[in-house]
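All remarks here apply to the structure that follows.
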Amino acid sequence: MSAQFLRVSDLTVDGLQRVLDLAAAVKVHPKSVAGARLGTQVGLFFEKPSTRTRVSSEVAVSHLGAHAVVLKADEVGLGKREAVEDVARVLDRYLDVLALRVFDHSNLVTIAEHSKAPVINLLSDIAHPCQALADLQTVAENRPLPGTVLCYIGDGNNVCNSLMVAGAMTGMHVRVVTPEGYAPSADEIDRASRLAADSGGSIFVTESLAEGTDGADVIYTDVWASMGQETEAAERRDAFAGYQVDEKVLASASDEAIFLHCLPAHRGEEVTHEVMEHQRSKVFDQAENRMHAFKALLLHLTEA
Ligand code: CP
Ligand code: NVA
């Protein structure tokens, strides 16, 4: 097994800080790393749709002088045309890094177990760690991470899980506000809470919007139905009614609170148009940071 980034906690606290520092540095000085990984072959595999991840990772690879091989799920047939472990053992003969977006996180674990090349999670059913790197980078552009109160409102999903861990590792206070039945799993809360105990941060899960948003420095939301949950969309719209981020919710946070969303956003559902366009909405900085953060992660994982 080689280096992997299936969850944010695959990095040490120091490693995470290094990636964040590097991401900030390459954003300011992109030329400093231009061509830094000439000849490195990076596989980018997608079982689900993607705009940000697909384009930001391919462009990051190109800036570094590396080469991206983009693989579509229907061509590879992971676990269908070929056993998952065989795909891993074949691809690592050609590629120096395997980065994959999958439905089933356990397939990523199998690939990482059988690949000599580093494996990166580009989103699974339970984690979106590359997103969390860009999220932290964006928060850090606005205020120091330690002590920051981040309130995530919505589904206790992949994005929420990675944000809890990333926040916990950097001394943030992460509050998660979900309707009944949609909280993150107890395992994910425990994992993040243990990390928070070491950093001086905290994890707090509630069904009360007021408890979550009061004085928060960051308000964050994500779609109510993730990719693969489309058939639950109507049921979820009912369950999440009352958890929309609107200007009133933003106003109940601190005066300087910023708004984040991993995107794509469904305006009129989890967030209003006015909040998306608010002067304290940083969602497009956050989307841009996906590219800088991925570049930094690749540099970190492929260090000689
Ligand atoms: N935030 C994010 O991962 O976007 P895509 O699904 O478009 O890649
Ligand atoms: N939770 C969403 C994130 C999309 C970037 C999903 O998995 O579809």
Side-chain angles (χ1 to χ4, degrees), residues 1-8 10-12 14-48 50-78 81-82 84-102 107-124 128-134 137 287-304:
M1 198 163 83
S2 180
Q4 63 178 46
F5 186 63
L6 306 193
R7 294 173 175 274
V8 178
D10 287 333
L11 294 175
T12 60
D14 287 348
L16 173 58
Q17 193 54 55
R18 180 168 183 268
V19 171
L20 293 174
D21 291 345
L22 205 49
V26 302
K27 183 171 185 175
V28 179
H29 302 292
K31 288 192 178 147
S32 65
V33 291
R37 288 295 181 273
L38 198 64
T40 299
Q41 303 295 329
V42 182
L44 301 172
F45 170 92
F46 292 91
E47 267 186 351
K48 305 185 193 186
S50 173
T51 301
R52 279 144 290 273
T53 307
R54 161 73 204 267
V55 178
S56 65
S57 54
E58 194 168 339
V59 171
V61 164
S62 166
H63 282 173
L64 295 177
H67 178 69
V69 180
V70 180
L71 295 151
K72 290 254 186 79
D74 53 353
E75 289 161 357
V76 177
L78 193 64
R81 182 168 183 264
E82 195 165 8
V84 176
E85 49 267 52
D86 290 353
V87 173
R89 292 168 67 191
V90 169
L91 289 182
D92 83 352
R93 300 288 177 115
Y94 311 131
L95 299 167
D96 303 304
V97 178
L98 309 183
L100 306 96
R101 169 168 287 198
V102 298
N107 282 343
L108 281 178
V109 173
T110 303
I111 289 170
E113 278 168 3
H114 291 88
S115 168
K116 292 189 192 72
V119 176
I120 297 175
N121 180 359
L122 295 180
L123 182 148
S124 69
H128 197 1
C130 291
Q131 179 66 52
L133 295 179
Q137 182 178 358
E288 177 189 331
N289 287 339
R290 291 294 308 277
M291 178 176 69
H292 307 301
F294 193 71
K295 221 185 265 187
L297 178 69
L298 274 183
L299 287 166
H300 181 75
L301 293 178
T302 59
E303 212 163 41

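For the single chain, residues carry numbers from 1 onward in sequence order.
With rounding to the nearest 0.5 angstrom, the CG atom of L20 is 10.5 Å from the NE2 atom of H300. Annotation: the span from L64 atom CG to T302 atom OG1 amounts to 7.5 Å, rounded to 0.5 Å. Distance check, rounded to the nearest 0.5 Å: CG of L108 to CG of L123 gives 9.5 Å. Of the inter-residue distances, the one linking L301 atom CG with R37 atom CZ reads 10.0 Å to the nearest 0.5 angstrom. Interatomic distance, K116 NZ to R89 CZ, rounded to the nearest 0.5 Å: 7.5 Å. The structure places OG of S62 at 10.5 Å from NE2 of H67, a figure rounded to the nearest 0.5 Å.
Closest approach of A134 to A293, counting heavy atoms only: N-CB, 4.0 Å. Pairing each heavy atom of R18 with each of E303, the nearest pair is NH2-OE2, 2.5 Å. Shortest non-hydrogen contact noted between Q4 and A112 is OE1-CB, 3.2 Å. Here the closest heavy-atom approach between residue V26 and residue H292 is recorded as CG2-O, 3.8 Å. Summarising the geometry of A23 relative to A296, their closest heavy-atom pair is N-CB, 3.5 Å, with the distance given to 0.1 Å.
Under the side chain to side chain contact (heavy atoms under 4.5 Å, CB included) test applied with Y94, the options D92, L98, V90 reduce to a single match, V90. Put simply, the residue from V42, L44, V61 that forms a side chain to side chain contact (heavy atoms under 4.5 Å, CB included) with V70 is L44. Put simply, the residue from L71, D74, V102, L100 that forms a side chain to side chain contact (heavy atoms under 4.5 Å, CB included) with E47 is V102. A side chain to side chain contact (heavy atoms under 4.5 Å, CB included) with Q41 holds for exactly one of L91, V97, L95; it is L95.
By the 4.5 Å heavy-atom criterion applied to side chains, Q137 and E288 are not counted as neighbours. At a threshold of 4.5 Å between non-hydrogen side-chain atoms, the residues I120 and L297 count as touching. Using a 4.5 Å cut-off on side-chain heavy atoms (C-beta onward), D14 and Q17 make no contact. Side-chain contact between R101 and S50 is present, with at least one heavy-atom pair separated by less than 4.5 Å. Between F294 and L122, the closest side-chain pair of non-hydrogen atoms falls below 4.5 Å. Residues L133 and V19 meet the side-chain proximity criterion, which asks for heavy atoms closer than 4.5 Å. Between E82 and V76, the closest side-chain pair of non-hydrogen atoms is not below 4.5 Å. Counting heavy atoms from C-beta outward, L6 and V119 have side chains that approach closer than 4.5 Å.
A donor-acceptor contact shorter than 3.5 Å links the side chain of S57 to the backbone of R54. Between the side chain of H114 and the main chain of T110, a donor-acceptor pair closer than 3.5 Å is present. A distance-only check finds no donor-acceptor pair linking the side chain of D96 to the backbone of T40 [under 3.5 Å].
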### Task
Begin with the C-alpha distance, continue with both residues' side-chain angles, and end with the deciding distance and a verdict on side chain to side chain contact (heavy atoms under 4.5 Å, CB included) for N121 and R7.
CA-CA 7 Å; N121 180 359; R7 294 173 175 274; over 6 Å; no
